[in-house]
Amino acid sequence: MLQLLSVVTAIAFIHTKPVVGRHYHVQLKKVKIGSKELTDYFEHYSSYMDSVKHFIRLQSTEREVLRNRLNAQYFGEIAIGTPPQVFSVVFDTGSSELWVPSVKCLSNSCAKHRRFDAQYSTTYKPTGKSVFIEYGTGSIYGKIATDTLSIGSMEVKEQHFIEALSQSRDPFLLTEMDGIMGLALSGEIENSTTPVGSMMQQSILAEPVFSFYLNRDTSDSFGGELIFGGMNTKLFAIEKLHSIPLDNGVYWNVHMESISSSRSILGKNWCDRGCNALIDTGTSLIIGPPDDIKSIFRTIGAHYNQGLGFVNCTNIDVLPTITFKIGGKEYSLSGNDYIDKVTDKGKEYCIVGFATDPGIPSSFWILGDTFLGNFYSIFNIKEKTISFAPLKKKSDR
């Protein structure tokens, strides 16, 4: 049976400190874990797409959505309480709430992770409210409380968070994360403030932004960085930065005009009448409607199998460029940018960083790490914009 190397990218607080003007740097680190059989890879992909469909269905409800990640995750350490209790979380622009397991949770998936114990925190305050969080393949139930949130030396007072009292087995039993820290602008839970909302209310950040650099070079142990309150101009040219207004005030959605290819026939585009694109650090691939994704696979000569596309690794350098037009600006990905390589016993297999499922609406896309890893991205909380800039070559940084 074909084995696929599973690569999980983790955010590690190797060096976290405030710099001039209250910028908080989080250095990212790659971690490799084990290998998967191909059947497992497709199983995880199926669960992942179930979660994507569920996310779309629940966007207008008061329930938060937790999405399973296919192949890459970005972890970081935060702390809750006084004195601080440390947890690993996913920093996710596609969700809005903060939750970690409670010491009162008896689920097997909770027992495998660090759990919050309210009796040891002098700043803990219960709200008396409970919440049920559902996602594609499981759920959690928990109580809402407030406490001090710490990210390195940054402290957010009286931050709302959820103590998970029960968790489903999948996907939490085997995942490395303890919980999730949503970075969406607004939450769906009534009278609850999101982490970025609290940072703004308490004037913690020097600038009302946070920024991501995601390093997709699997040979480099440096995974990138997340900065709260600023940006790293050593990684991009400021004059090439382009800002795009959001389509709504809750999630990091933008209007995308079209997607095209250097190999398109007769000027054929995808998303040719415009579509809604979610900019999501919690998604590893670029997700799109079935007809468009299958057409892209045909255009690049990919073999389609259970929602994923495979290409001959010797053809990567001659694959066509895929261009996304967003806010009047074109963002292009070469074959090397959108192909993920996995290794089995010394042999390489190349998977296209695009995916689909029959349940994806015709005008909805998710631009995950396959896209974001090629640009520096800045999320402006106050102006409600997302800005992208091409990354500098390593030799120019």
_By the definition side chain to side chain contact (heavy atoms under 4.5 Å, CB included), identify the one residue from I287, I360, N276 that meets it with I366._
I287

_Reference residue H160; test side chain to side chain contact (heavy atoms under 4.5 Å, CB included); the match among T193, T194, L149, L98_ = T193

*What is the distance from atom OG of S260 to atom CD1 of I322, rounded to the nearest 0.5 Å?*
8.0 Å

_Distance-only polar pair, side chains of D337 and S334, donor-acceptor under 3.5 Å_ = yes

*At their closest point, which heavy atom of Y376 faces which heavy atom of L235, and how far apart are they?*
CE1-CD1, 3.7 Å

_Ignoring hydrogens, what is the shortest heavy-atom contact between T127 and A145? Give both atom names and the distance._
CG2-CA, 3.9 Å

*asked:* When you compare the side chain of F371 with that of L214, does any pair of heavy atoms fall below 4.5 Å?
replied: no

_Is there a path of hydrophobic side-chain contacts, each under 4.5 Å between heavy atoms of I/L/V/M/F/W/Y residues, joining Y124 to V100?_
yes

*Which heavy-atom pair separates I386 from I279 by the least distance, and what is that distance?*
CD1-CG1, 3.4 Å

*Would D369 and S284 count as having a side-chain donor-acceptor pair, cut-off 3.5 Å?*
no

*Assess whether side-chain contact (heavy atoms from CB on, under 4.5 Å) is satisfied between W99 and I140, documenting all intermediate values.*
CA-CA 10 Å; W99 69 265; I140 72 165; 3.6 Å; yes

*Considering all heavy atoms of both residues, which atom of L205 and which atom of M154 are nearest to each other, and what is their separation?*
CD2-SD, 4.0 Å

*Hey, are S88 and D178 close enough side-chain-wise for a donor-acceptor pair under 3.5 Å?*
yes

_My understanding is that only one of E158, K157, Q159 makes a side chain to side chain donor-acceptor pair (under 3.5 Å) with S198; could you say which?_
Q159

_Those residues that, when tested against W252, pass ring-ring contact (aromatic ring centres under 6.0 Å, His included) (two or more places apart)_ = F210, F379

_What's the separation between atom CD1 in I80 and atom CD1 in I151, rounded to the nearest 0.5 Å?_
9.5 Å

_N232 versus E225, closest heavy-atom pair with distance_ = ND2-OE2, 2.7 Å

_Looking at T281 and F91, would you say the former's side chain and the latter's main chain have a donor-acceptor pair under 3.5 Å?_
yes

*If every non-hydrogen atom of S261 is compared with every non-hydrogen atom of T299, which pair is closest and at what distance?*
OG-CG2, 3.7 Å

*Hey, could you give me the CD1/CZ distance between I339 and F354, rounded to the nearest 0.5 Å?*
8.5 Å

*asked:* Please confirm whether the ring centroid of F161 lies under 6.0 Å from the ring centroid of F116.
replied: yes

*How about F228 and I204: do any of their side-chain heavy atoms sit closer than 4.5 Å?*
no

*Output all residues satisfying side chain to side chain donor-acceptor pair (under 3.5 Å) with S362, sequence neighbours left out; order by chain, then residue number.*
none

*ring-ring contact (aromatic ring centres under 6.0 Å, His included) partner of F297, the single match among Y304, F310, Y338*: Y304

